[in-house]
Amino acid sequence: MTTASPEARVRELGLRIPDYSDPPYGGRYGTMKPFHRAGRLVTLSGLTPETRDGTMLHPGRLGDGPADLSIEQGYAAARFTATNLLGLIRLALGSLDEVCCLVSTLCFVVTTPEFTSVNKVTMGASDLLVDVFGDAAGRATSAGIGVMSLSRGNCYEMVATVESRA
Amino acid sequence: VTSAIKQFHRCGRLLVVGGQTPETPDGTRLHPGRLGGEVSVEQGYAAARLAALNLVGVVRLALGRLDQVSGIVSTLCFVATTPGFTDLHLVSAGAGDVLSGVFGPEISRATRASLGAVSLPRGNCFLLWATVECRPSAREI
């Protein structure tokens with residue numbers, strides 16, 4: 001396992017992390033704030049697989065039908081959402097290197113009733129977080145929930161809490 | 001399949017526990033399916049009990065002793081349901097009853113919400129997400 005800092009890992013992996021300072025987070029969705037800090041716990045607001053200009057990656061529903069999204073597409077959407085989470089963490093703490101560890105990720109996936117591989121989709125996010133923060137700090141407590149719909153037709157949304165170093 | 005996740009996280013007196021499902025350690029599921037479909041309220045209640053027992057196991061793993069729990073902060077109960085099913089609280093009661101039996105009525109009383117999900121990991125019918133408060137450790141007193 002690498003000992004490189006999270007910011008160095010981001011450069012190694014060539015990740016493109018969005019800047020949430022401008023335009024402000026949440027403008028398309030309503031009145032909200034991007035994060036809340038209480039002591040060392042930082043709660044990050046909901047994130048979806050969208051670019052800053054609102055282009056969605058793989059909108060739709062996970063399922064087994066021909067028109068449904070595949071697990072691979074859902075995994076990619078979850079991974080993309082986690083890179084957005086990195087942007088929100090940077091906004092909150094200034095640098096990813098200020099993260100002591102991940103606390104929790106609650107992951108919502110739009111699915112058909114028959115779909116049972118919610119956890120294989122959410123792994124897209126958890127794998128990326130371990131890639132960036134390492135095996136010890138990057139693991140979060142987690143749950144994946146299949147839901148009927150998400151804002152604007154996105155297939156994935158996650159809320160996360162991280163612990164800061166100071 | 002192993003995921004890059006952990007079972008619990010402690011920060012100060014708060015213990016956050018990852019999602020618990022009605023599965024035995026070998027992955028055998030109790031009453032997979034959906035409430036309002038093939039799973040009855042009684043079966044859902046039993047599944048919620050097992051998920052809560054698993055939560056108790058993780059708390060013991062995290063704190064060493066269940067006596068270190070000073071309160072249950074919150075429980076989010078996700079139930080896989082058909083669109084018409086409305087008795088979610090009767091299912092979630094299975095989790096609340098286990099916590100009450102283990103920790104007593106005062107400590108176990110938690111903030112709670114129950115939500116109907118379209119699907120849950122591995123086809124489980126119930127998932128419990130909880131945060132627990134621990135007694136202050138020596139270094140925090």
Side-chain angles (χ1 to χ4, degrees), chain A residues 38-43 61-64 71 78 82 100-150 159-164, chain B residues 1-21 23 27 29 32-39 51 55 58-59 62 74-85 113-132 140:
Chain A
R40 288 174 59 185
L41 289 180
V42 183
T43 300
R61 189 176 302 279
L62 275 288
D64 302 320
I71 289 174
C100 160
C101 53
L102 270 289
V103 175
S104 64
T105 55
L106 193 50
C107 309
F108 300 95
V109 185
V110 177
T111 71
T112 64
E114 295 75 25
F115 188 76
T116 57
S117 299
V118 177
N119 48 315
K120 293 182 182 172
V121 173
T122 62
M123 274 179 210
S126 50
D127 286 352
L128 180 99
L129 294 173
V130 166
D131 284 348
V132 170
F133 293 105
D135 198 48
R139 284 178 188 254
T141 67
S142 184
I145 314 296
V147 298
M148 183 62 73
S149 63
L150 290 169
V159 290
T161 303
V162 303
E163 189 177 318
S164 66
Chain B
V1 184
T2 57
S3 292
I5 57 177
K6 61 185 173 187
Q7 284 194 291
F8 61 85
H9 178 90
R10 183 167 181 180
C11 179
R13 290 180 60 186
L14 290 181
L15 177 70
V16 180
V17 180
Q20 297 298 315
T21 45
E23 296 178 59
R29 297 164 298 168
R34 284 187 295 160
L35 277 289
E38 64 271 54
V39 181
L55 170 70
V58 175
V59 170
S74 62
T75 52
L76 272 184
C77 303
F78 295 96
V79 186
T81 69
T82 61
F85 184 79
S114 300
L115 304 122
V118 173
S119 63
L120 291 170
R122 298 192 67 237
N124 278 293
C125 71
F126 188 83
L127 185 148
L128 179 61
W129 175 267
T131 300
V132 173
E140 287 162 328

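Here is the naming used below: chain letters follow the sequence lines, and residue numbers restart at 1 for every chain.
Ranked by heavy-atom pairs under 4.5 Å with chain A, the first of B/Gly19, B/Pro121, B/Gly18 is B/Pro121. Residue with the most contacts toward chain B among A/Ala140, A/Gly144, A/Ala143: A/Ala140 (heavy-atom pairs, distance under 4.5 Å). In terms of non-hydrogen atom pairs under 4.5 Å with chain A, the most contact-rich of B/Ala80, B/Ala117, B/Ser119 is B/Ser119. For the set A/Thr116, A/Leu41, A/Val110, the entry with the most heavy-atom pairs within less than 4.5 Å of chain B is A/Thr116. Of the listed residues (B/Pro83, B/Gly37, B/Gly33, B/Gly123), the one with the most heavy-atom contacts under 4.5 Å to chain A is B/Gly123. In terms of non-hydrogen atom pairs under 4.5 Å with chain A, the most contact-rich of B/Leu76, B/Leu120, B/Leu127 is B/Leu120.
For A/Thr122, no part sits under 4.5 Å from any heavy atom of chain B, backbone or side chain. Interface remark: B/Ile5 contributes backbone and side-chain atoms alike to the contact with chain A (heavy atom separation under 4.5 Å). Only the backbone of A/Val147 comes within less than 4.5 Å of a heavy atom of chain B; no side-chain atom from C-beta onward does. Of the two parts of A/Thr105, only the backbone, made up of N, CA, C and O, holds a non-hydrogen atom closer than 4.5 Å to a non-hydrogen atom of chain B. Contact annotation for B/Arg122: both backbone and side-chain heavy atoms come within less than 4.5 Å of a heavy atom of chain A. The part of A/Cys101 that comes within reach of chain B is its side chain, from C-beta onward, which places non-hydrogen atoms under 4.5 angstrom from that chain. Proximity to chain B is absent for every atom of A/Leu129, based on heavy atoms less than 4.5 angstrom apart.
Across all non-hydrogen atoms, the minimal contact from A/Thr141 to B/Val17 is CB-C, 4.2 Å. Among all heavy-atom pairs drawn from B/His9 and A/Leu102, the shortest one is ND1-O, 3.6 Å. Looking at every heavy atom in both residues, A/Val103 comes nearest to B/Val16 through CG1-CG2, 4.0 Å. Heavy-atom minimum distance, B/Ala4 versus A/Val130: CB-CG2, 3.4 Å.
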